Amino acid sequence: MARHLITSALPYINGIKHLGNMVGSMLPADVYSRYLRQRGHEVLYICATDEHGTPAELAAKDQGLPVDVFCAQAHDAQKAVYDGFALAFDHFGRSSSQQNVEITQHFARRLKENGFIEERAIRQVYSPADGRFLPDRYVEGTCPHCGYDKARGDQCENCTRVLDPTDLIDPRSAISGSTELEVRETKHLFLLQSKLQHEVEEWVARHEEEWPQLAASIARKWLTEGLHDRAITRDLDWGVPVPADTWPELAAEGKVFYVWFDAPIEYIAATKEWADSAPDGETRDWKSWWYEADDTVRYTEFMAKDNVPFHTVMFPATQLGVREPWKKVDYVKAFNWLTYYGGKFSTSQKRGVFTDQALDILPADYWRYFLIANAPESDDSSFTWEHFTATVNKDLADTLGNFVNRVLSFSKKRFGEEVPAGGEPGEAETRLGEEIASLLAEYETQMEALQFRKAAAALRALWSAGNSYLEEKAPWLEIKTDKDGAALTLRTAMNLIRLYAVVSEPFIPSTSAAMRQVFSLTGDTATWVGADEARALTSVPAGTPFTVPPVLFAKLTDDDLEAYKERFGGEPQPA
């Protein structure tokens, strides 16, 4: 079996993330990681909080905390939410780690040695009111491309165009709000991406046919427009410091590396954090996942479309420039936006449903299933409370939950607390077995292809097949004339429940565990269901003790819907 390295875009440290962040990176990465583990692959799923740059400093300032204290608290708060969503990271690290400092500085030294970093004098925005140079995100103003009046100096949140602070119209300090800004000369380090353009183009060309169109088209657009040399240092108090042994003057001035230089390197550093945090007696080889690993590791990245340029062009340029055999991404799974009633979710504008709020309302499996079943893969998709409640009621409460409850409750009432024996399988069971095997194969195909909406549709079809079988056989009527036939129907349906418990685990892990615990099967350690087992539907034999679990999914009412809309609004709030 292959070794699979999985990473998802690092969530910024400045606040709890919204549902769009969840479905755009971390949740699908978790679903895929869980699936691969079930199929017997060796998997390492790495993520971390992105703690450098102006968002961290500004958020800490707002809370009146030292930035290191703020980041430590925010990391723990985010990790608690991700635990609540049952995200099974192998390690959830921090880009402020010492490991990231060391590896980022190593990369910078190697790039300089190879002629891909140089020191340049530039003219930069300076705020006399604040007594400092203002890094990109410390400058706000109007985007020259789309007219959005809250654009930041590094990127416009509205149109996603990359900017420089001097591009902004009517710029102001994000610290003091002062518009009395000057442009002064200072020195920074530049990554000479222009010298790496041809190498990056060749590398992208070897991979882009395999990538989703969204990822490939964004990478190609950037390359067509041409790679420009880019400043990779900033004037901040918090970040990976420029090493004094290589750039003493800049180090003395307190320069730190630009967050988009060190953040992707944190994928490597977080893997080293994972190795360094191994329990006593356990040895973890972090480097085998990243160094000289092209033939042994399959690397898949998950991210929303705004992160694609950095991961398909800028970070590969960095990796190519160090002239060392670091593993580069094989497959980039990119997502469009999840919108809130057609408007953008926004952390900075506090618009939409945030992940901690979601868990306050309902357990994680409700959200996991809905988000993946409606993942914005081919286009943007819209979250509405009407769609959410309808999906929960139809797919989770009725199709899956009601099937499990009525099968187990009816069997317990008529046959006791053990799986009934009944007669031999007949034509209906044979047809069902073939249908289940076919649908399971479709589910596997879509999961292997990282087509999550299609995988969810195949999983839903598996659940629906059980309901169709139950309606066809109607054991509540069958028992009146053929008790053995009704027992067979119920036993077959219970085998479907166990199958659902196993194969639904990537989507709804807590519910899957509850379904699996229904049956007292000695030594049941199976992680997947093979085609022959799916056809036979005999893995839960007659006589197996079972229990009836609590309701798996509560049906949401009109009152629930109105309460959600009243709390969060039925349309996006104005920016």
Side-chain angles (χ1 to χ4, degrees), residues 7-10 12 24-25 50 53 107 111 116-118 120 122 136-137 143-146 148 151-168 188-234 257-267 299-322 326-337 376-380:
T7 63
S8 51
L10 308 185
Y12 272 129
S25 58
D50 185 357
F107 269 48
L111 287 164
F116 296 119
I117 284 182
E118 72 178 25
R120 293 180 180 177
I122 66 168
D136 40 25
R137 286 203 178 196
C143 176
H145 304 287
C146 71
Y148 181 60
R152 302 184 304 253
D154 63 338
Q155 187 175 27
C156 176
E157 185 184 52
N158 185 58
C159 71
T160 75
R161 290 288 291 268
V162 173
L163 302 170
D164 285 319
T166 54
D167 295 333
L168 294 172
H188 281 286
L189 298 180
F190 276 72
L191 177 63
L192 306 185
Q193 293 185 134
S194 60
K195 294 176 65 174
L196 291 158
Q197 165 105 22
H198 182 63
E199 293 180 52
V200 176
E201 284 180 329
E202 289 184 339
W203 177 78
V204 169
R206 293 196 299 270
H207 293 83
E208 62 182 332
E209 289 188 6
E210 183 184 0
W211 293 350
Q213 181 180 0
L214 179 62
S217 63
I218 292 173
R220 182 52 57 189
K221 178 176 181 292
W222 271 52
L223 290 169
T224 299
E225 292 176 352
L227 297 188
H228 302 288
D229 300 341
R230 190 167 179 84
I232 59 167
T233 51
R234 294 292 187 269
F257 285 107
Y258 175 40
V259 63
W260 265 111
F261 182 74
D262 82 87
I265 296 171
E266 167 61 13
Y267 294 131
Y299 178 20
T300 306
E301 289 180 340
F302 290 79
M303 69 198 67
K305 58 187 176 184
D306 58 330
N307 284 327
V308 169
F310 302 101
H311 291 79
T312 60
V313 176
M314 290 179 62
F315 186 46
T318 297
Q319 290 180 295
L320 289 165
V322 298
W326 295 100
K327 178 68 181 177
K328 289 173 281 295
V329 65
D330 294 300
Y331 190 85
V332 178
K333 178 61 177 180
F335 290 86
N336 288 283
W337 303 124
E377 291 177 292
S378 59
D379 205 347
D380 292 350

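Heavy-atom basis, side chains included; hydrogens, waters and symmetry copies ignored. Predicted model only: the values in this text are computed from it and were never measured.
Listed by chain and residue number, Lys221 satisfy the side-chain hydrogen bond (donor to acceptor under 3.5 Å, both in side chains) test with Glu225 (two or more places apart in sequence, or in another chain). By the side-chain contact (heavy atoms from CB on, under 4.5 Å) test, Ala334 is found to be paired with Leu214, Ala215, Val308, residues two or more places apart in sequence or in another chain being considered.
Trp337 contributes atom CH2, which lies 8.5 Å from atom CG of Asp380 (distance to the nearest 0.5 angstrom). Distance check: Gln319 CD to Trp326 CH2 gives 9.0 Å after rounding to the nearest 0.5 Å. Residue Glu266 holds its CD atom at 8.5 Å from CG of Asp50, rounded to the nearest 0.5 Å. Going from atom CD of Glu201 over to atom CG of Leu227 covers 7.5 Å, rounded to the nearest 0.5 Å. Atom CG in Leu320 sits 8.5 Å away from atom CZ in Phe116 (nearest 0.5 Å). Separating the OG atom in Ser217 from the NZ atom in Lys305 is a distance of 10.0 Å, to the nearest 0.5 Å.
The environment of Glu209 atom CD is sparse: at most 12 non-hydrogen atoms of other residues, nucleotides or ligands sit within 6.0 angstrom. Other residues, nucleotides and ligands contribute only 12 or fewer heavy atoms inside 6.0 Å of the CZ atom of Arg161. For NE2 of His198, the number of neighbouring non-hydrogen atoms (other residues, nucleotides, ligands) closer than 6.0 Å is 12 at most.
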What's the verdict on side-chain contact (heavy atoms from CB on, under 4.5 Å) for Asp330 and Thr300, showing C-alpha distance, side-chain angles and the deciding distance? CA-CA 6 Å; Asp330 294 300; Thr300 306; 5.8 Å; no

Set out, in order, the CA-CA distance, both residues' side-chain angles and the distance that settles side-chain contact (heavy atoms from CB on, under 4.5 Å) for His311 and Val329, then state yes or no. CA-CA 8 Å; His311 291 79; Val329 65; over 6 Å; no

Candidate pair Gln155 and Thr160, rule side-chain contact (heavy atoms from CB on, under 4.5 Å), full reasoning: CA-CA 6 Å; Gln155 187 175 27; Thr160 75; 4.1 Å; yes

Under the side-chain contact (heavy atoms from CB on, under 4.5 Å) criterion, do Ile122 and Phe190 qualify, and how do the steps go? CA-CA 10 Å; Ile122 66 168; Phe190 276 72; 3.5 Å; yes

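Heavy-atom minimum distance, Asn336 versus Ser378: ND2-C, 3.4 Å. Residue Leu163 comes nearest to Cys156 through the heavy atom pair CD1-N, 3.9 Å, listed as atom of the first residue, atom of the second, then distance. Here the closest non-hydrogen pair linking Pro264 and Phe261 is CD-O, 3.8 Å. Across Gly321 and Leu111, no two heavy atoms sit closer than the pair C-CD2, 3.4 Å. Of all heavy-atom pairs between Phe335 and Gly24, the closest is CD1-O, 3.5 Å. When all heavy atoms of Cys159 and His145 are compared, the closest pair comes out as SG-CB, 4.4 Å.
The existence of a salt bridge linking Lys333 and Glu301 is excluded, since no basic side-chain nitrogen approaches an acidic carboxylate oxygen closer than 4.0 Å. Lys195 and Asp229 are not joined by a salt bridge, as no carboxylate oxygen comes within less than 4.0 angstrom of a charged side-chain nitrogen.
Each of Val204, Thr312, Val313 was compared with Arg220 under the side chain to side chain contact (heavy atoms under 4.5 Å, CB included) criterion, and only Val204 meets it.
Proximity of Gln197 to Val200: side-chain heavy atoms (C-beta onward) are nowhere separated by under 4.5 Å. In this structure, the side chains of Tyr258 and Arg230 come closer than 4.5 Å at one or more pairs of heavy atoms.
Ring centroids of Phe315 and Trp260 are separated by 6.0 Å or more, keeping the two rings apart.
A perpendicular orientation is assigned to the rings of Tyr267 and Tyr299, their planes being inclined by more than 60° (bins at 30° and 60°).
A donor-acceptor pair under 3.5 Å is absent between the side-chain atoms of Glu199 and the main chain of Ala317, judged by distance alone. The backbone N or O of Ala304 sits nowhere less than 3.5 Å from a side-chain atom of Asn307 that would complete a donor-acceptor pair. A donor-acceptor distance shorter than 3.5 angstrom exists from the side chain of Thr233 to the backbone of Leu189, with no hydrogens or angles considered.
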